[in-house]
There are 2 protein chains.
Amino acid sequence: MTQPIPLFNANCNECGLKKLCFPLGLEKSEVLRLDALVKRKPALQKGDILFRSGQPFQAVYAVKAGGFKVFTQHASGEDKLIGFYLPGDILGVDALSTDEHVSTAVAMDTSTVCEIPFKDLEQLSLQLPTLNRQLLSIMSKELSDERMHAEFLARKSAEERLALFILWLSQRQARRGFNDESFRIGLLHRDVALYLGLTPETVSRVLAKFSEEGLVEWRQKHLTIHHRARLDALANHQEEGVCGRIAG
Amino acid sequence: MTQPIPLFNANCNECGLKKLCFPLGLEKSEVLRLDALVKRKPALQKGDILFRSGQPFQAVYAVKAGGFKVFTQHASGEDKLIGFYLPGDILGVDALSTDEHVSTAVAMDTSTVCEIPFKDLEQLSLQLPTLNRQLLSIMSKELSDERMHAEFLARKSAEERLALFILWLSQRQARRGFNDESFRIGLLHRDVALYLGLTPETVSRVLAKFSEEGLVEWRQKHLTIHHRARLDALANHQEEGVCGRIAG
DNA sequence: CGTTACGTTGAAAGGGTTCAATCCCTGTGG
DNA sequence: CCACAGGGATTGAACCCTTTCAACGTAACG
């Protein structure tokens, strides 16, 4: 892992993901200062671990290519999928308050990341208000992602969960400027099941049903959305529910 | 709500919650500068709304007394409980990236808050590294709370969810220095059910069972834990599960 | 070409939801 | 002080969906 592999050495100013990442909103000169902090590491192979639960927190990581699965490791051996990180996403901020990583990140494919030592980042962000704001913004995005996750899990029916999940995947693609109707998704059904609080069998069944009805096609690692409107309807189906005032 | 109610005007240095709140780690002189930003508002009555989804984001709030329920309001009328905030907790940071509140906060009891205009806070935190770190830390805590919420929802059985939830409530009490075996909790069963992705009926049944077995007593708005060890065991019962390597 | 892990499909079982009726607590007004 | 409403909590029975367990199919990899 420390052998001299030729690195993909694009700097932040030239990086196609800069609008999704820390440089967002920064002046060119400011980006250069940020760029100076970044350590670009050799590519990780599928299954490689970026950081492991319990390791000291020293840096955050920007995904440049590939993708990562993040999960918790309980002493008992049970794993819980927390999230997926794609190019442009920032990994590792969840360790900020504990000084120790609380989750483990595994490469889903061959992946590259930019490593940014957190101390340096913190110091620089005190000098660059925009960067500081961006750091907060990234934390906030993490928060809303986690809230989305809770939203998936709170849905009662497996169909709703999956419909919502697929639409969310699609949105993420769109936000990155990729095709959001048909794209590659390096997730096992087992991962999806774990993430959505279902079993692989149920995922398989629901997906089969979606396919029958011409909603979506998810074969191997490729996903195609055929009928977004109906998928939307499914995802927001039971939207009457409690209604009453929660106040009290 | 704007009548001249006598305010509880303790400053941050004298506040019993300062170790849970923004002042954590700050010098006395720094706390004074923070204190100058704080607007102390009249108490809110049970059911009053602190902020509403869609309102522009201008300030964060520190809960001083009472408590708040936070939920999303879907257009369809469905409400989803996102979280509970007790004294020492910070409300409103979730709006940071959108400049608009994405949730609604309702007082569970008569409650007081400290309002801190975010612009001022952001500016000051650029000058006080410790404050900036504390702001990030608070965001990080929000994140781990939301992750806890997802953890509740991911548990398969209603018993596990409730056991875990009760233990979590107890931990929060302990962190505040209150009695964590027997305490008041201003939540309706309906709220709990909403939060845990269950129905009030199921909550009622499980609580009845817990009571029968002498685990916990949750009558009206008072909760007593009688047998923490067994509750612990219940919460972590099915801790074998998937096991296999998620990597791949 | 075999092995391994993932995916699918089936039938059975269990747990939570649903719906409805009843109880209980709280606050109100007589 | 008591009666009465109203909302929430409880309890019961039936149903439905997901899980479970098991067997089979299929894709990837050496």
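Residue numbers start from 1 in every chain, and the chains themselves are labelled A, B, ... in the order their sequence lines are given, proteins ahead of strands.
- Relative to the side chain of Leu188(B), the nucleotides dT19(D), dG8(D), dT18(D) differ in distance, and dG8(D) lies closest.
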Tabulate below the donor-acceptor pairs under 3.5 Å that side-chain atoms of residues 174-181 of chain B make, not counting sequence neighbours, or state none.
unit_1: Arg176(B); atom_1: NE; unit_2: Arg172(B); atom_2: O; d: 3.3
unit_1: Arg176(B); atom_1: NH1; unit_2: Pro87(B); atom_2: O; d: 2.2
unit_1: Asn179(B); atom_1: OD1; unit_2: Glu181(B); atom_2: N; d: 2.8
unit_1: Asn179(B); atom_1: OD1; unit_2: Ser182(B); atom_2: N; d: 3.3
unit_1: Glu181(B); atom_1: OE2; unit_2: Arg228(B); atom_2: NE; d: 3.3
unit_1: Glu181(B); atom_1: OE2; unit_2: Arg228(B); atom_2: NH2; d: 2.9

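- Where Gln220(A) and Val206(A) each meet DNA chain D at their nearest nucleotide, the meeting point lying more 5' is that of Val206(A).
- One interatomic measurement links the two molecules: NE2 of His222(A) to P of dG7(C), which rounds to 17 Å at whole-angstrom precision.
- With sequence neighbours excluded, the residues that form a side chain to side chain contact (heavy atoms under 4.5 Å, CB included) with Asp145(A) are Lys141(A), Trp168(A).
- Regarding Leu198(A), its CG atom lies at a distance of 14 Å from the P atom of dG7(C), rounded to whole Å.
- Put simply, the side chain of Phe84(B) does not reach to within 4.5 Å of the side chain of Asp89(B), judged on heavy atoms.
- In this structure, the CG atom of Leu162(A) is 10 Å from the P atom of dT18(D), given to the nearest Å.
- Going from atom CG of Leu187(B) over to atom P of dG8(D) covers 14 Å, rounded to whole Å.
- At least one side-chain nitrogen or oxygen of Lys156(B) sits closer than 4.0 Å to the OP1 or OP2 atom of dT19(D).
- Asp232(A) meets the salt bridge (Lys or Arg N to Asp or Glu O under 4.0 Å) test with no other residue; sequence neighbours excluded.
- In this view, Tyr85(B) satisfies the ring pair (Phe, Tyr, Trp, His ring centres under 6.0 Å) rule with no residue, not counting sequence neighbours.
- Computed from coordinates, the Lys46(B) NZ to dG7(D) P distance equals 14 Å when rounded to whole Å.
- Closest contact between the side chain of Ser157(A) and the listed nucleotides dA9(D), dG16(C), dT18(D) involves dT18(D).
- Judged as a side chain to side chain contact (heavy atoms under 4.5 Å, CB included), and not counting sequence neighbours, the contacts of Cys21(A) are Pro23(A), Ala62(A), Ile90(A).
- Atom CZ in Arg161(B) sits roughly 9 Å away from atom C1' in dG16(C) (whole-Å rounding).
- Defining each end axis of the helix from dT8(C)-dA23(D) to dG30(C)-dC1(D) as the rotation carrying four pairs' C1' atoms onto the next four, with five pairs an end, the two axes are found to diverge by 40° to 10 degrees.
- Between Lys221(B) and Asp109(B) there is no salt bridge, since no side-chain nitrogen of the basic residue lies less than 4.0 Å from a carboxylate oxygen of the acidic one.
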Look for any protein N or O under 3.5 Å of an N or O in nucleotides 10-14 of chain D and output each such pair with its distance, or none.
unit_1: dT10(D); atom_1: OP2; unit_2: His189(B); atom_2: ND1; d: 2.9
unit_1: dT10(D); atom_1: OP2; unit_2: Ser204(B); atom_2: OG; d: 2.8
unit_1: dT10(D); atom_1: O5'; unit_2: Ser204(B); atom_2: OG; d: 2.9
unit_1: dG12(D); atom_1: N7; unit_2: Arg205(B); atom_2: NH1; d: 3.0
unit_1: dG12(D); atom_1: O6; unit_2: Arg205(B); atom_2: NH2; d: 3.4

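- Whole-Å rounding puts the Arg190(A) CZ to dT4(C) C1' distance at 13 Å.
- One interatomic measurement links the two molecules: CG of Asp191(A) to P of dG7(C), which rounds to 8 Å at whole-angstrom precision.
- Annotation: ring pair (Phe, Tyr, Trp, His ring centres under 6.0 Å) contacts of His189(A) (sequence neighbours excluded): Trp218(A).
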Side chains of residues 200-214 of chain A: which donor-acceptor partners sit under 3.5 Å, not counting sequence neighbours?
unit_1: Thr202(A); atom_1: OG1; unit_2: Thr199(A); atom_2: OG1; d: 2.9
unit_1: Lys209(A); atom_1: NZ; unit_2: Glu159(A); atom_2: OE2; d: 2.4
unit_1: Ser211(A); atom_1: OG; unit_2: Glu217(A); atom_2: OE2; d: 2.9

